[in-house]
Amino acid sequence: MELGFYERVIRSSNRKRVAAYKILLSLLYALVAAGFLLWALLRDISPAVIVIALAVVGIAAFVSLRRIDPEYEYSINSSYITLAKIYGKSRRKELFETSAEKLLFVAPLGEENMKKALDYHPKEQYDVYLSASGVPIWLAVFEDTDEKNILFVFEAEDEAIKLLRMLNPSVIRYR
């Protein structure tokens with residue numbers, strides 16, 4: 001039975017801070033490349049070695065700059081809840097996937113609910129929210145495929161909570 005589908009993408013951090021970090025990292029890589037180039041020219045190193053070393057520095061810069069500010073995407077459908085990390089708006093890594101029957105506890109984020117969630121002794125925790133987004137923050141505890149509990153703290157609009165309530169109504173707490 002198809003109940004619906006919900007998907008949300010959440011960026012992981014402040015864009016201005018990430019931009020400043022990318023600029024600093026780019027300058028660092030440029031300095032490393034320039035320093036190696038100067039050293040290689042003074043030592044009379046083969047041009048092939050220089051090209052290879054500069055290519056390695058360029059590849060390292062490209063890969064690390066794409067990984068600085070990942071986004072998270074979670075989706076809820078009639079059978080699964082999935083969380084993925086997206087690098088550079090293109091490469092996707094699934095962090096977990098669980099069925100709705102494996103949900104143990106779902107509630108709004110608060111001190112009392114966090115204590116209840118921690119009583120399930122989660123082995124992992126994923127925090128996927130921006131505190132300044134204005135979207136309500138909820139937490140969910142579920143058992144994954146390896147039979148270990150995971151705590152998932154996430155932004156959730158009313159549509160997501162309604163879908164979770166339809167999937168497994170006994171685990172939802174509203175206070």
Side-chain angles (χ1 to χ4, degrees), residues 1-25 60 62-175:
M1 177 170 97
E2 187 65 32
L3 296 175
F5 181 79
Y6 178 83
E7 182 176 73
R8 183 161 183 86
V9 175
I10 299 136
R11 56 176 214 256
S12 64
S13 61
N14 183 326
R15 294 287 187 205
K16 289 181 183 178
R17 188 184 77 202
V18 169
Y21 188 66
K22 282 184 176 183
I23 290 169
L24 287 174
L25 194 57
F62 177 76
V63 169
S64 64
L65 287 172
R66 289 176 56 99
R67 290 181 161 260
I68 286 177
D69 189 31
E71 293 178 330
Y72 293 91
E73 173 189 80
Y74 75 90
S75 59
I76 304 168
N77 66 30
S78 60
S79 48
Y80 290 100
I81 300 166
T82 306
L83 175 66
K85 196 172 195 177
I86 303 168
Y87 297 101
K89 299 197 185 291
S90 61
R91 188 169 161 260
R92 175 185 187 88
K93 178 183 178 189
E94 190 172 290
L95 299 175
F96 69 73
E97 181 175 82
T98 189
S99 68
E101 295 91 35
K102 300 266 185 165
L103 281 170
L104 304 170
F105 181 71
V106 179
L109 181 62
E111 190 175 324
E112 186 177 323
N113 286 334
M114 182 57 87
K115 286 179 185 175
K116 288 179 185 177
L118 294 176
D119 286 343
Y120 287 96
H121 306 290
K123 300 293 182 208
E124 293 182 45
Q125 179 173 339
Y126 296 99
D127 295 325
V128 182
Y129 63 89
L130 284 176
S131 57
S133 72
V135 177
I137 300 172
W138 283 67
L139 53 86
V141 179
F142 59 87
E143 186 180 329
D144 77 348
T145 54
D146 297 331
E147 296 184 5
K148 62 182 177 184
N149 292 343
I150 293 178
L151 174 58
F152 178 41
V153 183
F154 60 104
E155 291 181 2
E157 296 171 327
D158 289 341
E159 183 181 342
I161 300 308
K162 286 178 187 175
L163 186 54
L164 286 171
R165 188 178 71 214
M166 288 190 304
L167 294 173
N168 195 339
S170 64
V171 300
I172 302 286
R173 308 287 182 265
Y174 286 98
R175 296 181 194 200

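Within 6.0 Å of CD on Glu111 lie no more than 12 heavy atoms contributed by other residues, nucleotides or ligands. Other residues, nucleotides and ligands contribute more than 12 heavy atoms inside 6.0 Å of the CD atom of Glu7. Remark: Asp119 CG is packed, more than 12 non-hydrogen atoms of other residues, nucleotides or ligands lying under 6.0 Å away.
A donor-acceptor pair under 3.5 Å links the side-chain atoms of Asn113 to the main chain of Pro108, judged by distance alone.
Between Phe96 and Phe152, the angle of the ring planes goes over 60°, which puts this pair in the perpendicular group of the 30/60° scheme.
Side-chain contact between Phe105 and Leu139 is present, with at least one heavy-atom pair separated by less than 4.5 Å. Side-chain contact check for His121 versus Asn149: every heavy-atom pair is 4.5 Å or farther apart. No side-chain heavy atom of Val141 sits less than 4.5 Å from a side-chain heavy atom of Lys116. At least one side-chain heavy atom of Glu73 sits less than 4.5 Å from a side-chain heavy atom of Arg92.
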Item to complete: Begin from the C-alpha positions of Leu164 and Asn168 and carry the test side-chain contact (heavy atoms from CB on, under 4.5 Å) through to its verdict.
Response: CA-CA 6 Å; Leu164 286 171; Asn168 195 339; over 6 Å; no

Item to complete: Show your reasoning for whether side-chain contact (heavy atoms from CB on, under 4.5 Å) applies to Ile81 and Leu103.
Response: CA-CA 9 Å; Ile81 300 166; Leu103 281 170; 3.8 Å; yes

Practice prompt. Could you walk me through whether Glu155 and Val128 pass side-chain contact (heavy atoms from CB on, under 4.5 Å), step by step?
Written response: CA-CA 7 Å; Glu155 291 181 2; Val128 182; over 6 Å; no

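When Tyr129, Trp138, Tyr74 are each tested for a ring-ring contact (aromatic ring centres under 6.0 Å, His included) with Phe154, only one passes: Tyr74.
With rounding to the nearest 0.5 angstrom, the CD1 atom of Ile10 is 10.0 Å from the OH atom of Tyr72. Going from atom CG of Leu104 over to atom NZ of Lys102 covers 9.5 Å, rounded to the nearest 0.5 Å. Atoms CE and CD1, from Met166 and Ile172 in turn, are 11.0 Å apart once rounded to the nearest 0.5 Å. The line from CZ of Arg165 to NZ of Lys162 is 7.5 Å long, rounded to the nearest 0.5 Å. Residue Leu83 holds its CG atom at 11.0 Å from CD1 of Ile76, rounded to the nearest 0.5 Å.
Closest of all the heavy-atom pairs between Ala117 and Pro122 is O-CD, 3.8 Å. Nearest heavy atoms, Ala156 versus Val135: N-CG1, 3.7 Å.
Every side-chain hydrogen bond (donor to acceptor under 3.5 Å, both in side chains) that Glu124 has, sequence neighbours left out, goes to Tyr126, Lys148. Residues passing the side-chain hydrogen bond (donor to acceptor under 3.5 Å, both in side chains) test with Glu157 are Tyr6, Arg8, sequence neighbours excluded. For Ser75, there are no side-chain hydrogen bond (donor to acceptor under 3.5 Å, both in side chains) partners two or more places apart in sequence or in a different chain.
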